[in-house]
There are 2 protein chains.
Amino acid sequence: MTSTDTAGPRRTRQRAAVSAAMGRNGEFRTAQEIHAALRDSGDSIGLATVYRTLAQLAEAHEIDCIRTPDGQAAYRRCSSGHHHHLICRNCGRTVEISPPAFEAWADQIASENGFTQIDHELELFGRCAACS
Amino acid sequence: MTSTDTAGPRRTRQRAAVSAAMGRNGEFRTAQEIHAALRDSGDSIGLATVYRTLAQLAEAHEIDCIRTPDGQAAYRRCSSGHHHHLICRNCGRTVEISPPAFEAWADQIASENGFTQIDHELELFGRCAACS
DNA sequence: CCCTTTAGTGATAATGGTTCTCATGAAGAT
DNA sequence: ATCTTCATGAGAACCATTATCACTAAAGGG
């Protein structure tokens, strides 16, 4: 443990499994669902580890985290760069969207009101064509 | 009980107390906080009733409901009409905002992707001038 | 004013997602 | 190989929210 310590998190089987599970699908899934999916596919992993790993991946911006309307946390691996989502309330299908002028608008509104360090939450929920 | 029944909810002491409590303040507060505040101010009221009443008031659009970043539901009485919020992450101070072109933009994005019955969630979190 | 009907109330239990605990296991360094 | 330290995971703890259900009290007719 030197002062020039650059050690990241340890590479474990569990961390790889969670990361792989996130890579395989394109919909938001809750930690519970991801845990169940991993167990079903034969990976032995604890629920606490799934929660921890997802939180860390989100912290590192490797995956995105949103709140479902009923308050649960849901995760999804996304393209890099900032963007938002259009989510089907029925089947969970997700489309990434990038409001062109939105970021600038948000910053302007914020500064007009004296706010700084702005973070925003924007998600659209609806019904996709298949579910309508 | 005729067929032309237009009876709304009954006027009870508890419902009045919750509604009054929401009228007195301008910040988002959780159901737990509102319950504690009512108890502290001498109103005897059950927690379940607070939850029920808040849910009903929100359903009737008399108050707004958002999710805090940690998943809790928070309520606030707002001006009528659709709008969003700019919320101080530190002190909870709230500013109502009304993105002029936002609704139209959201509908357009949705229909471009075949989505219908769009609902959206937009909140800005930051630090107000006093807390910076 | 009294009675009946029925929605509202509230103490408490149940639920369920998330976090904590801590003994055990494994990654990485020496 | 050994040692240090972080990661893991089973289960408990936590906590917001919802359900239960016996009791209370609005509303409205008599």
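In the text below, chain A, chain B and the rest are named by the order of the sequence lines, each starting its count at 1. Bear in mind the structure is a predicted one, so any value in this text is a computation, not a measurement.
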Extract all donor-acceptor atom pairs below 3.5 Å that involve side chains of residues 62-74 of chain A and protein atoms in other chains or at least two apart in sequence.
unit_1, atom_1, unit_2, atom_2, d
A:D64, OD2, A:H83, NE2, 3.4
A:R67, NE, B:P69, O, 3.1
A:R67, NH1, A:G71, O, 2.9
A:R67, NH2, B:P69, O, 3.3
A:T68, OG1, A:D70, OD1, 2.5
A:T68, OG1, A:Q72, N, 3.1
A:T68, OG1, A:Q72, O, 3.4
A:D70, OD2, A:Q72, NE2, 3.3

query = Which whole-number value in Å describes the distance from B:R15 CZ to D:dA26 C1'?
reply = 12 Å
task = Provide the closest heavy-atom pair for A:I118 versus B:G126 in the form atom of the first, atom of the second, distance.
result = CD1-CA, 3.8 Å
Angle by which the axis turns from one end of the helix from C:dC1-D:dG30 to C:dT30-D:dA1 to the other, five pairs per end, to 10 degrees = 30°
request  = Round to a whole Å and report the spacing from CG of B:L54 to C1' of C:dG8.
outcome  = 15 Å
query = Is the closest side-chain heavy-atom distance between B:V50 and B:I45 below 4.5 Å?
reply = yes
request  = For residues A:R93 and B:F115, report the shortest heavy-atom separation together with the two atoms involved.
outcome  = NH2-CE1, 4.0 Å
query = What orientation do A:H120 and A:F102 show, parallel under 30°, tilted 30 to 60°, or perpendicular over 60°?
reply = perpendicular
query = Within this structure, what is the CD-to-P distance between B:Q14 and D:dT24, rounded to whole angstrom?
reply = 13 Å
message = If hydrophobic clusters are built from ILVMFWY residues whose side chains come within less than 4.5 Å, do B:Y51 and B:I34 share one?
response = no
query = Are B:Y75 and B:L47 connected in a single hydrophobic cluster, I mean Ile/Leu/Val/Met/Phe/Trp/Tyr linked by side-chain heavy atoms less than 4.5 Å apart?
reply = no
Where A:C78 and A:H85 come nearest, the two heavy atoms and their spacing = SG-NE2, 3.3 Å
request  = Enumerate the residue pairs fulfilling salt bridge (Lys or Arg N to Asp or Glu O under 4.0 Å) with a member in residues 106-127 of chain A, sequence neighbours excluded, ordered by first and then second residue.
outcome  = none
All N/O pairs under 3.5 Å across the protein-nucleotides 16-20 of chain C interface:
unit_1, atom_1, unit_2, atom_2, d
C:dT18, OP1, A:A73, N, 2.8
C:dT18, OP2, A:Y51, OH, 2.6
C:dT18, O5', A:Y51, OH, 3.4

Could you pull out every donor-acceptor pair under 3.5 Å between side chains of residues 52-59 of chain A and any protein atom, sequence neighbours left out?
unit_1, atom_1, unit_2, atom_2, d
A:R52, NH2, A:T49, OG1, 3.3
A:T53, OG1, A:T49, O, 2.7
A:Q56, OE1, A:R15, NH2, 2.1

Set out, line by line, the N/O atom pairs under 3.5 Å between protein and nucleotides 25-28 of chain C.
unit_1, atom_1, unit_2, atom_2, d
C:dG28, OP1, A:R11, N, 3.3
C:dG28, OP1, A:R11, NE, 3.4

inquiry  = Tell me the interatomic distance from A:I45, atom CD1, to D:dT8, atom C1', rounded to whole angstroms.
reply    = 9 Å
